[in-house]
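One structure below.
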Amino acid sequence: MNTVNTTFLILATILVFSMTPGLAFFYGGLVSKKNVVNTMLSVFVLCGLSVVLFIAVGYELSFGTDIGGVIGHVSHFFLSGFDLNAIKDTQMGLTHAIFLAFEMMFAIITPALFVGSIVGRMRFNFLMVFVIFWSLLVYYPMVHMVWTPNGLLASLGVLDFAGGTVVHINAGITALLLSLFLGPRLKRNDEHYNLSWVLLGTAILWIGWYGFNAGSAFGINNVALAAFLTTTIATAVAMLTWLLLEVFLQGKPTLVGVCTGALCGLVGITPGTGYVTNTGAFFIGCLCAVCSYFFVNSVKPRMKFDDPLDAFGCHGVSGIIGSLLVGAFATNKVNSAVTDNGLFYGGGAKLLGIQLLGTVISILFTSVVVAIIIVVLKKFMAMRVSQEDETAGLDLSLHGEKADYLIDSHFRDVSDYQEEFRGQLSRFNKKS
């Protein structure tokens with residue numbers, strides 16, 4: 001065991017875990033007042049469900065002995081008899097235990113991302129069952145295809161440093177399909193519950209993303225440092241790009257816009273963060289913000305799907321653009337794993353074509369399997385809540401809770417309670 005790299009990965013694992021509660025605050029702050037609890041619970045409960053699934057079969061389905069380049073073989077249910085102390089990565093000196101813990105955090109945050117597309121109208125039990133089948137049939141196969149040496153997409157030469165295809169395109173396409181099958185909300189409410197939570201969630205996500213991206217180098221090295229810097233640059237550029245677009249096209253900057261832009265930068269740089277230069281990160285951040293901005297504000301309103309928190313607009317669109325741009329900006333000067341340089345670094349269009357092929361395969365695979373899962377599940381259980389429950393809000397109708405327990409904002413004067421304050425008020429009743 002390399003104790004330095006193991007310590008680094010433990011810290012990265014903690015950072016990635018923090019992203020899920022951060023996302024809960026981000027989504028919880030964006031939704032309407034009557035769906036806050038349901039939204040935050042739908043995100044945070046995955047910290048339990050996804051962990052159990054990953055320990056039971058997910059780790060071996062993702063990284064086990066290859067079956068057809070699509071999935072791994074499970075031979076240790078709940079890891080019974082599995083030697084977690086054995087070395088998984090001899091070059092970095094990492095055991096299976098720390099590698100499993102790190103990858104498990106990705107299995108938690110990925111399904112949490114598409115919760116933003118179903119807020120206010122999906123039954124909680126349907127979501128839980130859907131996540132189980134989605135993890136088994138979509139997420140674990142995607143991990144195996146991209147991040148194992150014999151995986152289908154890895155064999156084609158597709159580069160995905162920290163989750164452009166596995167996490168963001170996957171979650172974004174899933175969000176789009178769920179939105180289409182659910183149908184639009186009965187009444188669209190764009191009022192946000194708490195903008196302070198949105199900023200808090202964005203900050204936690206940005207901090208956690210350093211574990212997400214730099215941690216994917218699996219050790220303290222130049223690639224990890226490059227990932228740290230490119231993550232910072234792309235996010236900052238995307239934030240400012242979205243802000244400038246709002247100023248010039250809408251007349252004023254917004255906090256939600258700045259936070260959304262930062263998130264698009266984080267998403268867009270993820271697939272190439274350990275492969276591209278700082279200059280590449282600058283253009284990736286800018287282009288992802290521009291594409292997501294125009295999709296959310298110009299394209300989406302003309303389409304017949306209701307994605308309340310723009311899970312597809314941010315994760316899907318920026319994930320696709322970021323994955324493609326790896327083919328333009330990747331270079332072996334940053335990472336020796338890049339065998340074919342990107343378009344702007346003398347490698348021609350070969351890598352760009354590979355990235356395009358990998359992106360298309362990821363979209364098609366996710367779309368087909370997610371559609372099948374939804375169609376089958378709908379035959380056995382209702383997907384959408386009743387009109388009465390949706391109108392009342394899912395916080396009270398599904399959970400019997402509400403997010404706002406503050407005292408009624410209507411100010412009550414002490415004179416409304418004269419009986420209770422008779423002694424204290426007596427002196428004011430005396431005639432002077």
Side-chain angles (χ1 to χ4, degrees), residues 9-10 12-24 27 41-64 70-74 76-79 82 84 88-89 94-116 127-148 151 153-154 160-175 178 205 208-209 211-213 215-216 218 266-267 270-271 311 315 319 362 365-366 369-370 373:
L9 208 57
I10 288 174
T13 300
I14 294 170
L15 287 173
V16 179
F17 176 80
S18 73
M19 293 171 66
T20 301
L23 185 69
Y27 281 169
L41 175 59
S42 297
V43 171
F44 191 61
V45 73
L46 298 180
C47 293
L49 180 60
S50 297
V51 165
V52 173
L53 279 173
F54 198 75
I55 294 296
V57 295
Y59 182 61
E60 288 195 297
L61 286 175
S62 299
F63 299 100
V70 176
I71 198 69
H73 175 70
V74 177
H76 302 85
F77 185 60
F78 269 99
L79 301 177
F82 192 99
L84 292 175
K88 161 68 177 175
D89 188 330
L94 301 174
T95 64
H96 279 280
I98 185 57
F99 184 80
L100 178 151
F102 181 68
E103 293 297 336
M104 186 163 58
M105 300 303 111
F106 284 68
I108 296 172
I109 186 65
T110 306
L113 297 175
F114 58 67
V115 169
L127 175 63
M128 294 298 99
V129 176
F130 175 81
V131 169
I132 292 173
F133 284 100
W134 178 87
S135 298
L136 295 172
L137 301 177
V138 181
Y139 181 73
Y140 301 148
M142 280 295 299
V143 171
H144 189 85
M145 286 191 286
V146 176
W147 285 339
T148 62
L153 295 182
D160 184 357
F161 191 79
T165 53
V166 174
V167 177
H168 298 295
I169 294 177
N170 191 359
I173 296 298
T174 301
L178 288 172
L205 284 168
W209 225 286
F212 202 84
N213 285 359
S216 293
F218 296 108
L266 290 166
V267 170
T270 295
H315 298 280
S362 299
F365 174 78
T366 302
V369 180
V370 167
I373 294 173

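Please read all numbers here as calculations on a predicted model, not as lab measurements. Numbers here simply count residues along the sequence, with the first being 1.
Tyr139 pairs by the ring-ring contact (aromatic ring centres under 6.0 Å, His included) definition with Trp134, not counting sequence neighbours. Contacts of Ala97 classified as side-chain contact (heavy atoms from CB on, under 4.5 Å), with partners at least two apart in sequence or in another chain: Leu84, Thr95. Partners of Phe212 according to the ring-ring contact (aromatic ring centres under 6.0 Å, His included) rule, which considers only residues two or more places apart in sequence or in another chain, are Phe106, Trp209. Remark: Phe365 engages no residue in a ring-ring contact (aromatic ring centres under 6.0 Å, His included) (not counting sequence neighbours). Remark: Ala175 pairs with Phe114, Ser117, Ala311 by the side-chain contact (heavy atoms from CB on, under 4.5 Å) rule, at least two apart or across chains. Not counting sequence neighbours, the partners of His315 by the ring-ring contact (aromatic ring centres under 6.0 Å, His included) test are His168.
The shortest side-chain heavy-atom distance between Val167 and Thr270 does not fall under the 4.5 Å cut-off. The closest side-chain heavy-atom distance from Asn213 to Phe161 is not below 4.5 Å. With contacts defined as side-chain heavy-atom distances shorter than 4.5 Å, the pair Leu9/Leu94 qualifies. Put simply, the side chain of Thr110 does not reach to within 4.5 Å of the side chain of Thr174, judged on heavy atoms.
Without hydrogens or angle criteria, Tyr27 side chain to Leu113 main chain gives a donor-acceptor distance under 3.5 Å. At least one donor-acceptor pair closer than 3.5 Å links the side chain of Asp160 to the backbone N or O of Thr165.
Among all heavy-atom pairs drawn from Ala162 and Ser216, the shortest one is CB-OG, 3.5 Å. Minimum heavy-atom separation, Gly215 to Phe102: C-CZ, 3.6 Å. Among all heavy-atom pairs drawn from Gly22 and Leu205, the shortest one is C-CG, 4.3 Å. Minimum interatomic distance between Val267 and Gly319 (heavy atoms only, all atoms of both residues): CG1-N, 3.5 Å. Met142 and Ser362 make their closest contact through CE-OG, 3.5 Å (heavy atoms, listed as atom of the first residue, atom of the second, distance).
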Donor-acceptor contacts under 3.5 Å from residues 41-62 side chains, at least two apart:
{"unit_1": "Ser42", "atom_1": "OG", "unit_2": "Asn38", "atom_2": "O", "d": "2.6"}
{"unit_1": "Ser50", "atom_1": "OG", "unit_2": "Leu46", "atom_2": "O", "d": "3.3"}
{"unit_1": "Ser50", "atom_1": "OG", "unit_2": "Ala107", "atom_2": "O", "d": "3.3"}
{"unit_1": "Tyr59", "atom_1": "OH", "unit_2": "His96", "atom_2": "ND1", "d": "2.8"}
{"unit_1": "Glu60", "atom_1": "OE1", "unit_2": "Ser75", "atom_2": "N", "d": "3.1"}
{"unit_1": "Glu60", "atom_1": "OE1", "unit_2": "His76", "atom_2": "N", "d": "2.8"}
{"unit_1": "Glu60", "atom_1": "OE2", "unit_2": "Ser75", "atom_2": "OG", "d": "3.4"}
{"unit_1": "Glu60", "atom_1": "OE2", "unit_2": "His76", "atom_2": "ND1", "d": "3.0"}
{"unit_1": "Ser62", "atom_1": "OG", "unit_2": "Gly58", "atom_2": "O", "d": "2.8"}

